[in-house]
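Here the structure is laid out as structure tokens; the discussion comes afterwards.
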Amino acid sequence: MAPTTQIDSSLKNGYQSNGKVKNNNSCSVIKCNATLAEQKISIRGLVGKLLSSPNPDKEILSLGVGDASAFAAFREGRDVSRCIMESVNSGTFHGYPPAHGFPFVRRAVADYLSWGVSQKFNEKDVFMTVGGTQAIQVILTVLANQGCNVLLPRPGFPPYEATCEINHIEPRYYDLLPNSNWEVDLDQVRNLTDSKTVGIVVINPNNPCGAVYSRSHLTKIAETAAELNLPLIADEIYGHMVFREAKFVPMASLCSIVPVLTLGALSKRWLVPGWRCGWVAISDRNGALSQVRMAMERLMNVTSGPASIIQAALPGLLSDSNDEFHSNVVKLLESSEEALFHMIQKIPALICHSRPQGSMFMMVQLDYSLLKGIGDDMEFASKLMKEESVLILPGTVIGLENWIRIFFGTPPDLLKEAMGRIMSFCSRYA
Amino acid sequence: MDNRREKWGYKGIAGVIPNFDKTVRGYLNLITSHMDHSQIDQKPMIPLGHGDPSMFSCFRTSTVVEDAVVGSLRSGMFNGYANTSGIPSAKRAVADFLSRDLPNPLSPDDIYITSGCNHAIKILVSVLSCPGANILLPAPGYPYYEVNCESTGIEVRHYNLQPEKGWEVDLASVEAQSDENTVAIVLINPGNPCGTVFSYDHLLKIAKIANKLGIFVISDEVYHGLAFRSKPFVPMGVFASIVPVLTLGSISKRWLVPGWRLGWIAVNDPNRVIRETKMSDTILKYMSTSPQPATFIQAAVSDIIEKTEEDFFYKTILTLRESADICYALIQEIDCIICPHNPEGSMFAMVKLDFSRLADISDDVDFCCKLAKEESVVILPGTAVGLSNWLRITFAIDLPSLEDGLVKLRNFCNRHK
């Protein structure tokens, strides 16, 4: 349990020793949830701070946040918004959706997720969530118990840690290996696990590294998890967003080895993070997760889920009539990544050890010997913004100091311009 | 190996997972499970227990509202992430809307856009919870408050609403329940479940007591503007110079789109009491990891608020008034049911069961289960909202169905005399 918040000395003068402020407009000292009050800085917080001091003479170019929705180039092909307009104009979806989602929506997601998976999903295995954010929260909340821990990748995605904190779960980090396609360090996973570990989160296709794991590596992960009696939490927010020779293998296809909780959303593949529509899907061949499932049903009975009009559009959105849209997105990502990689190769101070094959991010190491006057990744990011108005994410905030995360979900031209500025920035500090 | 299997299971963290059975939905599920589906053709279900009338054509939202959201989608500009506290145009529109009736205008910085009023409740309860704190909730009330308090650990204390005084707050019970660990009092006005609209004078008294006790007010105004008789709705923010007020609201009820999940918290704090604590920061921090409302729906809020025609609201009020009148009149004809107060706002009436006139019915839950079974009429038992042996009747349903349902209720009562 979080300790009682002490009286904040920054409050107005004049409070009595029992903590109540008694003045003309008396109101007690508002003690707040201590865990929340002390939360560490988030991606949003840091990005906000960086964006507040750009070079005023240069337009801001953001390669910092995973949101490609603003770029028209990505929206070729079918207009995905049409599906929602239809549900709005029908007038039949303005009411509260049932808990867990409309049955026809859960069915559509179950069918979509069953692609490439021998154990098909049933509509009852699917729970609609308000984006990937709520999916993460629901999964960690139902798995949590007193004194437990969960295994998270490093580098990783900070909202996992934030959610752990709120649920009093201890996060333990396993490394992704930068020289081996960012694969999971399975020996370390074994060492970190104890009787209080409740699960392991695997992000594939990977944010922030862009790695796409092979079936053989995923199988090894599944086998290790089974050996350790851990369910797999498969974060597939970037599912199907793979290019070149990479193949996306849903973790659920390995559920004969270990139970899997898959989380996904419309956000990335459909380029609509603002729609806040995601899901959790349970693959549980042997009933090992039956109590977790029950807890999830109970928990989600008291939440409202994604907006009704968005849910109602899902069958249309998930249908294969959007294939042209999806392949256009992937083609663009591929050419942007290509452009990015070639420019990185021209900048000696930046090193990409394992090239991304999916998602929208690349992790790049900083070589400080070639960056005189720059001591760490936060300083790199901050100076880059101040001098060149380019936003990248310092690796510290995602668990890997001395690295930076570069987003390539932008049209190639924008990327080239931004990288050009990064190149001249680095050469100034050489 | 086997003994380690158990750690995959959910292990007695009862405090964290909210108790669904005690929610409105939970009780309605229980009641409807008693319906006799074999007679569903002769006796189709008549819902008088819900809080969502949007399925009835007489309560369909305005085309202006639908067009607003289609427009924001069509622009293609609102598919990305929004700021944590909401997009500026939505915050400004809500601030302006609420300020119409307030002496101290609100700024967009005072507004937090949430996924409906339920989400606003969750945020505030989570932010306020810390060991030893307690919060004052009305009885009868809206069980979502209790459910969330249970899962965050903040202690619930109930103050009474007085049926014999038009469901006004029992101010003595407020004082009695409050102590130095009380952080806030929750008011629901217009009232759910009682259908009341508090007078200016009564709200002023509440403000003064809150001031005296050193607690602030959470004013749940999700039924803002749905006062359909002569008593005007007065927002609690009017008294913000006496006591800080956190107002909750949404587009769900007034604009009849509860499924869109768009609400707000408005901080009425002209004396900057709340602002100078950590609370605003804590709200933002909680919201930064919390599920948000869809960006394009936020983008439609300014048009929804500014362009929805007055006729639409007028029509909704008229429909509600007519429904409330019919409900009250028909209830008067039923011996064993007493309605102490003719509803004047929101969508509900609280009515009392007189068990001296009822045979073989043990309590309100039993009454509702049997009613569902025999007549396919679904009413919410008062136990769900904190008042056993009462019923909450929703009259926001098309008139023919309302009449039909109430006649069937009367028949049921006659059969069980």
Side-chain angles (χ1 to χ4, degrees), chain A residues 1 4-5 8 11-12 18 20 25-28 30-34 36-37 39 42 44 67 69-70 81 84-85 88-89 91 93-97 130-131 133-134 141-142 144-145 159 162-163 198 229 231 271-276 288-289 291-292 295 298-299 301-302 304 307-310, chain B residues 4-5 7-11 13 16-18 20 23 52 54-55 60-61 66 69-70 73-74 76 78-82 84 115-116 118 126-127 129-131 133 147 180 183 211 214-216 244 256-261 271 273 276-279 282 285-286 288-289 291-292 294-297:
Chain A
M1 254 318 216
T4 311
T5 314
D8 191 335
L11 288 172
K12 262 189 188 166
N18 68 357
K20 279 204 169 196
N25 305 296
S26 48
C27 201
S28 62
I30 296 156
K31 295 197 266 186
C32 283
N33 185 315
L36 289 173
Q39 244 178 36
S42 59
R44 260 175 203 243
D67 183 354
S69 63
S81 303
I84 302 192
M85 293 185 207
V88 170
N89 289 323
F93 297 107
H94 298 320
Y96 291 115
V130 183
T133 305
Q134 195 191 21
T141 302
V142 300
N145 57 56
T163 307
V198 292
N229 250 334
L271 304 174
V272 287
W275 289 13
R276 304 295 183 174
L289 293 180
Q291 284 188 305
V292 170
R298 282 181 60 197
L299 177 63
N301 267 326
V302 294
S304 319
S308 49
I309 46 179
I310 301 175
Chain B
R4 297 178 86 200
R5 262 199 181 268
K7 69 165 170 267
W8 280 348
Y10 155 58
K11 266 202 225 183
I13 30 161
V16 176
I17 308 280
F20 169 66
T23 61
D52 174 10
S54 65
M55 65 197 101
R60 176 156 171 184
T61 189
E66 291 172 354
V69 87
V70 167
L73 264 173
R74 196 167 270 145
F78 301 107
N79 294 326
Y81 291 112
T84 300
S115 295
N118 278 353
S126 302
V127 159
S129 87
C130 65
V147 164
E180 68 274 7
V183 287
N211 170 295
I215 63 181
F216 61 86
L256 295 167
V257 284
W260 292 20
R261 315 313 306 134
N271 298 318
V273 176
E276 296 201 4
T277 68
K278 274 187 186 162
M279 192 159 132
T282 313
K285 279 188 179 153
Y286 182 89
S288 69
T289 55
Q292 282 187 312
T295 312
F296 69 85
I297 298 180

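Quick note on labels: first sequence line is chain A, next is B, and so on, each numbered from 1.
- Contacts of A:R44 classified as salt bridge (charged side-chain N to carboxylate O under 4.0 Å, His left out), with partners at least two apart in sequence or in another chain: none.
- Interface residue B:V70: backbone and side-chain heavy atoms are both found under 4.5 Å from chain A.
- Atoms NE2 and CG, from A:H94 and B:D52 in turn, are 11.0 Å apart once rounded to the nearest 0.5 Å.
- Both the backbone and the side chain of A:P97 come within contact range of chain B, each with at least one heavy atom under 4.5 Å from a heavy atom of that chain.
- With rounding to the nearest 0.5 angstrom, the OH atom of A:Y96 is 10.5 Å from the CE atom of B:M55.
- By the 4.5 Å heavy-atom criterion applied to side chains, B:V257 and A:F93 are not counted as neighbours.
- Of all heavy-atom pairs between B:Y81 and A:D67, the closest is N-OD2, 3.1 Å.
- Once rounded to the nearest 0.5 Å, the distance linking CD1 of A:I309 with CZ of B:R261 reads 12.0 Å.
- One finds the CE atom of A:M85 at 4.5 Å from the CZ atom of B:R74 (value rounded to the nearest 0.5 Å).
- Put simply, of B:G76, B:S115, B:P291, B:G116, the one with the most heavy-atom pairs under 4.5 Å next to chain A is B:P291.
- For a residue to count as touching a neighbouring chain, one of its non-hydrogen atoms must lie under 4.5 Å from one of that chain's; by this rule B:I297 touches chain A with the side chain only.
- Heavy-atom distances place the side chain of A:I310, and not its backbone, under 4.5 Å from chain B.
- Applying the side chain to side chain donor-acceptor pair (under 3.5 Å) test to A:T133 and every residue at least two apart in sequence or in another chain returns nothing.
- Taking both residues in full, the closest heavy atoms of B:S54 and A:G95 are given as OG-CA, 3.1 Å, listed atom of the first, atom of the second, then distance.
- Interface remark: of the candidates B:G80, B:A294, B:G259, B:A82, B:G259 forms the most heavy-atom pairs closer than 4.5 Å to chain A.
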#### Entry: Test log, rule side chain to side chain contact (heavy atoms under 4.5 Å, CB included), inputs B:N79 and A:W275
CA-CA 6 Å; B:N79 294 326; A:W275 289 13; 2.8 Å; yes

### Task
Could you check B:T23 against A:N301 for side chain to side chain contact (heavy atoms under 4.5 Å, CB included), going step by step and ending with a plain yes or no?
CA-CA 9 Å; B:T23 61; A:N301 267 326; over 6 Å; no

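- Atoms OG and CZ, on A:S81 and B:F296 in that order, are 7.5 Å from each other to the nearest 0.5 Å.
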